[in-house]
Protein chains: 2
Amino acid sequence: MTRPAAPRRASIADVARAAGVSVGTVSNVLNRPDRVLPGTRERVEAAIAELSFVRNGSARQLRAGTITTIGAIVLDIANPFFTDVARGIEERLDRDDFTLMVASSDDDPGREQRYLRLFEEHGVQGIIVVPATDDIEHLQAVRRRGTGVVLLDRPSPDPGISSVAVDDVRGGELAAQHLLEQGHTRIAFLNGPHTIRQCADRHEGVVKALAAVGLDPEQALTEITVTSLNAEGGEAAIRGLLESGDQPTAVFCVNDLVALGVLRTLRTENIAVPTDMAVVGYDDVAFAAELSTPLTSVRQPTHELGVRAADLLLTAPDTAEHVMFQPTLVVRTSSARP
Amino acid sequence: MTRPAAPRRASIADVARAAGVSVGTVSNVLNRPDRVLPGTRERVEAAIAELSFVRNGSARQLRAGTITTIGAIVLDIANPFFTDVARGIEERLDRDDFTLMVASSDDDPGREQRYLRLFEEHGVQGIIVVPATDDIEHLQAVRRRGTGVVLLDRPSPDPGISSVAVDDVRGGELAAQHLLEQGHTRIAFLNGPHTIRQCADRHEGVVKALAAVGLDPEQALTEITVTSLNAEGGEAAIRGLLESGDQPTAVFCVNDLVALGVLRTLRTENIAVPTDMAVVGYDDVAFAAELSTPLTSVRQPTHELGVRAADLLLTAPDTAEHVMFQPTLVVRTSSARP
DNA sequence: GCTACATTATGAACCGTTTCAGGGCGGGCA
DNA sequence: TGCCCGCCCTGAAACGGTTCATAATGTAGC
């Protein structure tokens, strides 16, 4: 089945010719139908249907300048945390008849740049981005050129750029404090690379909690870097840890997907949770409470995060605001005292 | 912090003026740098940096015509099934340096249309769509106008439109067969509306399995329509069922999120799974195996689905192909014989 | 020294819209 | 009757790039 030799899409001029009117009139039918006599309008509409005319968005935008779309760049589209945030964004945008385009950078600064450029070149009203690196120079540049930018899930180091984040230092602290209270003194932290700010912050929080009770992080904490922040990554990391012979009594995971991989592995290795090993996750995703060992997790207000980020872009595109939400700890079986 | 009175973004003409060359030369630096003398190129590049010039994507596309982006419209961006598919699409596109934009229709035909138009007007190379309705007239129209269309997760009723799907009739049949083999003769099916083809098909499969063992669907099957296909929807549906007094011994859920809601509710209501009630889900998402009662589920090759859909768009945009994958049943505790 | 040709830069045409000044026309009012 | 006004419609300019025929310049060959 070959395409019928793509005969160039019909343009407004074709429609005008077919309807026996001028291009201006066709444009009016499209944009201000009330300014056109019903009879004329019908003829134009018939021609549009006849030629199956579709507006050329590029030309339209080139001339008109505006577009009611905003873009979001997240780290991993398969992570429930980000998709929950995306739902929040969508919900808010819907109220203003804006549309959302989501792209996933996969932690790759190159991909982030590519999508950033794509969005900017196409003139979106604003971009909500979870930066893949600590360096936001390129984001500041985008902002300077006039496109709205909101940093998501990470406090802005630049007061001129808005951000909507959750206190990750506090999140790390909450988790560690809790584990310490349960009597653990040897904790493994399956964390992402510190180039991701959230990871660095959570680590800082953990260290803070240890210091508060007089523990030396060098002794009490083993940090393991998980390369892919999903179940497979968690599985690989915990296996590495088990094989190393280093045996902490608790594992704190940088997100619930990683924790899922850990739980899965511990079960196949017959290591009982929480008796032999306590586990704490992060994000409190929907399924955390329903796991074979219900997972203790740090909850973030994901939906709110998205709503707020979209709100900043829509209502105050020229103002920079910094919103910081507080995480809470949801304690479940996976970290009960042995 | 007000924006510095948005002084109109620099255009290629501004760059040309600043560099003392013609617009054609600037365009060449941008697109065929090898055709420009190194000295000239450097001057132009300096001017670009100086003015922080960003190409206007609309103008570029208007004239040049092509764009290496494809769009995907899924039913629910928060459903792991769709995001797993999206990862597959991304992976394939990456190989050809294409970019993916994802939008979520939320089961709403109006939103689907909106995004479809947005994508088409902006001239994407192709659109991968999970149709929200049975009527694909509007998709056929898009295809006729020359944009590639691939139906995802739903066999194409039109041989001219490609599709990549999983046999949903078979999926429903597998689940029902299994429950029948476990001795259940009263089954509840928490299904989505039949306007969603997948739901209608799975229902057909269930009926087929019942008929094969001589059971009357009128007697053996209670179908309940879940309005939102997530954990909350599942929770509401199963509560409704429990209150109705109608007591089947098994529940088949249209996806794992719904099943999650069901498991959660049954636990709070102290109904033991699988002893008092067997549960089967659909999609076999990552966490299905790790739930408090590991969930029996119908597995679909999500990643492959995405890769294949993208592949069709990239390698044979003018050919229609119909790919049908087969689902498999993964049996776990939630449906063990009482 | 002249021609032929390669290399680099130019500038205008063009893509398909929106927008806006202006033209034709009929009706209301003095 | 003449004038003004409002309503519809027209046609061309403008948006910001890419592309291509052409010009200008340098280089090689005879």
Side-chain angles (χ1 to χ4, degrees), chain A residues 6-45 47-48 51-68 117-118 120-124 145-147, chain B residues 6-45 47-48 51-68 117-118 120-124 145-147:
Chain A
R8 192 176 61 74
R9 283 166 31 156
S11 77
I12 254 193
D14 299 325
V15 174
R17 209 171 307 124
V21 297
S22 75
V23 293
T25 302
V26 177
S27 179
N28 278 336
V29 169
L30 256 22
N31 303 303
R32 283 92 105 231
D34 51 301
R35 290 202 195 167
V36 180
L37 274 191
T40 315
R41 181 162 67 222
E42 276 159 27
R43 251 182 318 134
V44 171
E45 276 163 357
I48 288 179
L51 300 173
S52 62
F53 163 77
V54 176
R55 252 209 205 72
N56 181 321
S58 306
R60 171 187 175 71
Q61 197 188 329
L62 171 60
R63 177 61 231 226
T66 61
I67 186 183
T68 54
R117 190 158 42 74
L118 193 72
E120 190 183 7
E121 286 186 356
H122 280 79
V124 297
R145 287 181 223 118
T147 302
Chain B
R8 193 177 59 74
R9 283 166 31 156
S11 78
I12 243 190
D14 299 325
V15 173
R17 207 170 309 122
V21 298
S22 74
V23 293
T25 301
V26 176
S27 179
N28 278 336
V29 169
L30 255 24
N31 303 303
R32 285 91 107 229
D34 50 302
R35 290 202 195 167
V36 179
L37 274 191
T40 316
R41 181 162 68 222
E42 277 158 28
R43 248 180 321 136
V44 171
E45 278 163 354
I48 288 179
L51 300 173
S52 63
F53 163 77
V54 176
R55 253 208 206 74
N56 180 320
S58 306
R60 171 188 174 72
Q61 196 188 328
L62 171 59
R63 178 62 229 230
T66 61
I67 185 183
T68 54
R117 189 159 41 75
L118 193 72
E120 189 184 7
E121 286 186 356
H122 280 81
V124 298
R145 287 181 222 118
T147 302

Discussion item. Side-chain N or O of B:Asn31 versus OP1/OP2 of D:dT18: is the shortest distance under 4.0 Å?
Written reply: yes
Worksheet item: Would A:Gln61 and B:His122 count as a side-chain hydrogen bond (donor to acceptor under 3.5 Å, both in side chains) if you check the C-alpha gap in whole Å, the side-chain angles of each, and the deciding distance to 0.1 Å?
Response: CA-CA 9 Å; A:Gln61 197 188 329; B:His122 280 81; 3.2 Å; yes
Worksheet, complete the sentence: Among C:dT18, D:dG17, D:dT19, the one nearest any side-chain atom of A:Arg55 is C:dT18
Worksheet item: When the distance from CD1 of A:Ile12 to P of D:dA12 is rounded to whole Å, what number comes out?
Response: 16 Å
Response to the item:
When rounded to whole Å, the CZ to C1' distance for the pair B:Arg32 and D:dT19 reads 7 Å
Fill in: Separation of atom CZ in B:Arg35 from atom P in C:dT10, rounded to whole Å
15 Å
Discussion item. I need the CG-P distance between A:Leu30 and C:dG16, as an integer number of Å.
Written reply: 15 Å
Worksheet item: Would a 4.5 Å heavy-atom cut-off, applied to side chains only, mark B:Arg55 and B:Arg9 as touching?
Response: no
Discussion item. Once you apply a heavy-atom cut-off of 4.0 Å, does B:Thr40 come out as touching a base, just sugar-phosphate, or nothing?
Written reply: sugar-phosphate
Item to complete: Using a cut-off of strictly less than 4.0 Å, decide whether B:Ser22 has a side-chain nitrogen or oxygen near OP1 or OP2 of C:dG11.
Response: no
Worksheet item: Between D:dC15 atom C1' and A:Ile67 atom CD1, what is the distance in whole Å?
Response: 15 Å
Item to complete: Specify the closest pair of heavy atoms between A:Val44 and A:Ala19, including all atoms of both residues, with the distance to one decimal.
Response: CA-CB, 3.9 Å
Worksheet item: Is B:Ser11 touching bases, backbone alone, or none of the nucleic acid, heavy atoms closer than 4.0 Å?
Response: sugar-phosphate
Practice prompt. Name the closest nucleotide to the B:Arg63 side chain, picking from C:dT17, D:dT10, D:dG16.
Written response: D:dG16
Discussion item. Closest-nucleotide mapping onto DNA chain C: is B:Leu62 or B:Gly24 further toward the 5' terminus? I mean the 5' end.
Written reply: B:Gly24
Discussion item. If I compare all heavy atoms of B:Val26 with all of B:Ile12, which pair ends up nearest, and what's the gap?
Written reply: CG1-CG1, 3.6 Å
Practice prompt. Give B:Val26 one of three labels, base, sugar-phosphate or nothing, depending on what nucleic acid heavy atoms sit under 4.0 Å from its own.
Written response: nothing
Item to complete: Report the distance from atom CG of A:Asp34 to atom C1' of D:dG6, rounded to the nearest whole Å.
Response: 15 Å
Discussion item. Rounded to whole Å, how long is the line connecting atom CZ of A:Arg41 with atom P of D:dC9?
Written reply: 10 Å
Response to the item:
Picking from D:dT18, C:dT10, C:dT19, the nucleotide nearest the side-chain atoms of A:Ser27 would be C:dT19
Response to the item:
Considering only heavy side-chain atoms of B:Leu37, the closest of D:dT10, C:dC14, C:dA9 is C:dA9
Worksheet entry | Of the listed nucleotides D:dT18, C:dT18, D:dG16, the one nearest the side chain of B:Ala59 | D:dG16
Discussion item. Of the options D:dT10, C:dT17, D:dG17, whose atoms approach the side-chain atoms of A:Asn56 most closely?
Written reply: C:dT17
Worksheet entry | Spacing between B:Gln61 atom CD and D:dG17 atom C1', to the nearest angstrom | 12 Å
Fill in: Passing candidate, side-chain contact (heavy atoms from CB on, under 4.5 Å) with B:Val29, options B:Arg43, B:Glu42, B:Arg35, B:Glu45
B:Glu45
